[in-house]
Amino acid sequence: MQHVDVIIIGGGPAGISAAIWCKRLGVNHLLLEKKEELGGQFSKIHNEIIDYPGLYAKDGKEMQRMFVEQFDCLGCSYRLGTNIFSINHSLQTIKIQQKNKIEEIHFNYLVLATGTNQRKLEVPGEKEMIDRGESYSATADRYLFKNKIVAVVGGGDRAFEGAILLAEAGAIVYLIHRSKYFKARTQYTDIASQKGNIKIITDTKVTAIHGDKQVTSIDLINTHLNKVFSLEIDALFVRIGTKPNTELIEDNIEITKQGVVVVDQIGKTSNDSIYAIGDICTKPLFSSIVSSVGQGAIAAKHISLRLTSNDEHVTWS
């Protein structure tokens with residue numbers, strides 16, 4: 001059985017950062033990524049990235065290229081297209097499949113950098129919509145919906161920002177939220193409330209999505225009035241937050257009710273040999289490329305200390 005001191009699961013900014021620091025510190029490491037490319041959510045960022053100190057990128061793809069180029073130049077160890085079957089935390093082994101080969105790898109430390117996925121409405125018709133490829137970016141695709149009717153579901157910054165972008169591109173926008181209270185900042189809610197082509201519908205949930213070749217309408221219920229109604233639309237943007245990808249390990253570490261992995265200041269979970277970094281352990285409000293990269297560096301540095309120290313219980317102070 002192959003042994004690796006540190007296995008990193010996830011090839012986004014956090015995982016890349018952890019691997020870079022492992023390489024720099026001489027730590028035997030291996031990064032595992034299920035996709036066929038590194039970069040995580042970078043490919044879904046269509047706007048300028050202006051808040052990463054020292055670097056500017058016109059979009060996520062450009063920053064992805066810069067991260068991966070540096071990663072490859074340093075010679076970090078990684079595997080792409082890798083499926084993880086199971087993690088045995090007591091034996092500290094991980095079972096993986098790459099192409100047709102199945103193997104087990106033993107580790108001293110495991111670093112979870114698996115990020116998040118978009119939360120789903122979990123209503124009839126949603127899977128069919130996703131399978132048809134109807135997953136749009138308000139930034140990149142907004143002009144496709146000029147003079148069309150769209151619905152945006154959610155009450156946070158991302159929902160309001162998307163609604164504003166779509167409205168400014170000429171769409172008629174219904175912004176639908178399950179409550180009358182919003183998590184979005186006032187800078188977004190104020191702008192949206194002043195747009196004549198944005199109609200905000202509160203206390204309302206989507207109950208079904210209709211359309212054979214594309215979305216044509218949605219069913220809704222106003223939970224305050226117990227009123228059922230429908231809307232004819234040309235597209236649906238679901239922006240109801242994210243869900244941390246903890247399925248592989250959720251029974252073996254402490255997780256909050258919101259699904260966020262509980263960590264200490266250096267990324268260590270309730271399991272002494274498992275660390276978590278990036279969006280999987282960060283509340284959405286504080287999520288950023290910068291924080292993910294920093295968490296990766298901190299975890300790698302602390303693990304390096306533990307591996308080289310005679311005291312396996314090095315603590316943060």
Nearest 0.5 Å, what's the NZ-CD1 distance between Lys101 and Ile96?
-> 8.5 Å

Main-chain N/O of Ser217 paired to Glu232 side chain as donor or acceptor, under 3.5 Å = no

Roughly how far, to the nearest 0.5 Å, is NE2 of His3 from CD of Gln92?
-> 9.0 Å

Please check if any side-chain donor atom of Ser90 sits under 3.5 Å from a side-chain acceptor atom of Asn88, or the reverse.
-> yes

If we only count heavy atoms from C-beta on, is the Arg306 to Tyr109 side-chain gap below 4.5 Å?
-> yes

Are the side chain of Thr189 and the backbone N or O of Thr186 linked by a donor-acceptor pair below 3.5 Å?
-> yes

Do Glu62 and Tyr56 have side-chain atoms, one donor and one acceptor, less than 3.5 Å apart?
-> no

Apply side-chain contact (heavy atoms from CB on, under 4.5 Å) to Ile94 and Ile9, showing your working.
-> CA-CA 10 Å; Ile94 182 169; Ile9 304 178; 3.8 Å; yes

CG of Asp264 to OG1 of Thr269, rounded to nearest 0.5 Å, is 8.5 Å

Hey, are the side chains of Cys281 and Gln295 touching, using non-hydrogen atoms and a 4.5 Å cut-off?
-> yes

According to a 4.5 Å side-chain heavy-atom criterion applied to Ile, Leu, Val, Met, Phe, Trp and Tyr, with indirect links allowed, do Leu32 and Val261 form part of one hydrophobic cluster?
-> yes

Are the side chain of Gln2 and the backbone N or O of Ile105 linked by a donor-acceptor pair below 3.5 Å?
-> no

Note: Ser304 and Thr308 closest approach over all heavy atoms is O-OG1, 2.9 Å

Hey, mind stepping through Glu103 and Arg79 against salt bridge (Lys or Arg N to Asp or Glu O under 4.0 Å) and telling me if it holds?
-> CA-CA 13 Å; Glu103 61 182 302; Arg79 297 188 194 181; 2.6 Å; yes

Going by heavy atoms in the side chains, are His89 and Ile274 under 4.5 Å from each other?
-> yes

How about Asp203 and Thr223: does a side-chain donor come under 3.5 Å of a side-chain acceptor?
-> no

Does any non-hydrogen side-chain atom of Ile209 lie less than 4.5 Å from one of Val123?
-> yes

Show your working on side-chain contact (heavy atoms from CB on, under 4.5 Å) between Leu110 and Ile7 and close with a plain yes or no.
-> CA-CA 5 Å; Leu110 183 68; Ile7 290 180; 3.8 Å; yes

Calculate, to the nearest 0.5 Å, the distance between atoms CG and CD1 belonging to Asn271 and Ile87 respectively.
-> 10.5 Å

Test item: Lys35 and Leu80 side chains (from C-beta on) under 4.5 Å apart, heavy atoms = no

Give the minimum heavy-atom separation between Asp157 and Ala184, together with the two atoms involved.
-> OD1-CA, 3.1 Å

Can you check whether Leu307 reaches Asn108 side chain to side chain, under 4.5 Å on heavy atoms?
-> yes

Distance-minimising heavy-atom pair for Val215 and Arg132 | N-NH2, 3.6 Å

Is a side-chain donor or acceptor of Asp219 paired with a backbone partner of Val206 at a separation under 3.5 angstrom?
-> no

With rounding to the nearest 0.5 Å, note down the distance linking OH in Tyr143 to CG in Asp141.
-> 12.0 Å

Ile130 backbone acceptor or donor facing Glu134 side chain under 3.5 Å | no

Would you say His29's side chain and Ile8's backbone share a donor-acceptor pair under 3.5 angstrom?
-> no

Do the side chains of Val152 and Leu220 join up, straight or via other hydrophobic residues, at under 4.5 Å, putting them in one cluster?
-> no

Aromatic ring proximity His177/Phe182, centre distance under 6.0 Å = yes

Is the closest basic N to carboxylate O distance between Glu168 and Arg142 below 4.0 Å?
-> no

Write down the atom of Ile45, the atom of Asp59, and the distance for their closest heavy-atom approach.
-> O-CB, 3.6 Å

Does Thr256 reach the main-chain N or O of Val260 with its side chain, forming a donor-acceptor pair under 3.5 Å?
-> yes

To the nearest 0.5 Å, atom CD of Gln64 lies from atom CD of Glu69 at 11.0 Å

Look at the side chain of Asn222 and the backbone N and O of Leu225, then say whether any donor-acceptor pair between them is shorter than 3.5 Å.
-> yes

Would Gln118 and Arg158 count as having a side-chain donor-acceptor pair, cut-off 3.5 Å?
-> yes

For Glu33 and Gly10, work out which heavy atoms get closest and say how close.
-> OE1-C, 3.7 Å

Could you walk me through whether Ser287 and Asp279 pass the side chain to side chain donor-acceptor pair (under 3.5 Å) check?
-> CA-CA 6 Å; Ser287 172; Asp279 288 350; 2.5 Å; yes

Mind checking whether Met63 and Leu55 have side chains closer than 4.5 Å, heavy atoms only?
-> yes

Close side-chain approach of Asp272 and Lys268, heavy atoms under 4.5 Å | yes

Candidate pair Ile176 and Thr204, rule side-chain contact (heavy atoms from CB on, under 4.5 Å), full reasoning = CA-CA 6 Å; Ile176 302 162; Thr204 299; 4.0 Å; yes

Backbone of Val293 reached by a side-chain donor or acceptor of Ser17 within 3.5 Å = yes

For this output row, return yes or no: ring centroids of Tyr174 and Phe237 closer than 6.0 angstrom.
-> no

Evaluate the side-chain contact (heavy atoms from CB on, under 4.5 Å) criterion for residues Ile218 and Leu236: first the C-alpha distance (whole Å), next the side-chain angles of each, then the deciding distance (0.1 Å), finally the verdict.
-> CA-CA 9 Å; Ile218 52 176; Leu236 179 65; 4.3 Å; yes

Is a side-chain N or O of Ser288 found less than 3.5 angstrom from the main chain of Ser291, in a donor-acceptor match?
-> yes

Closest heavy-atom pair, Ile16 versus Leu31, reported as atoms and distance to 0.1 Å, is N-CD1, 4.0 Å

Salt bridge present between Lys120 and Glu122 (N-O < 4.0 angstrom) | no

Taking the six-membered ring for Trp, are Phe67 and Tyr52 parallel (under 30°), tilted (30 to 60°) or perpendicular (over 60°)?
-> perpendicular

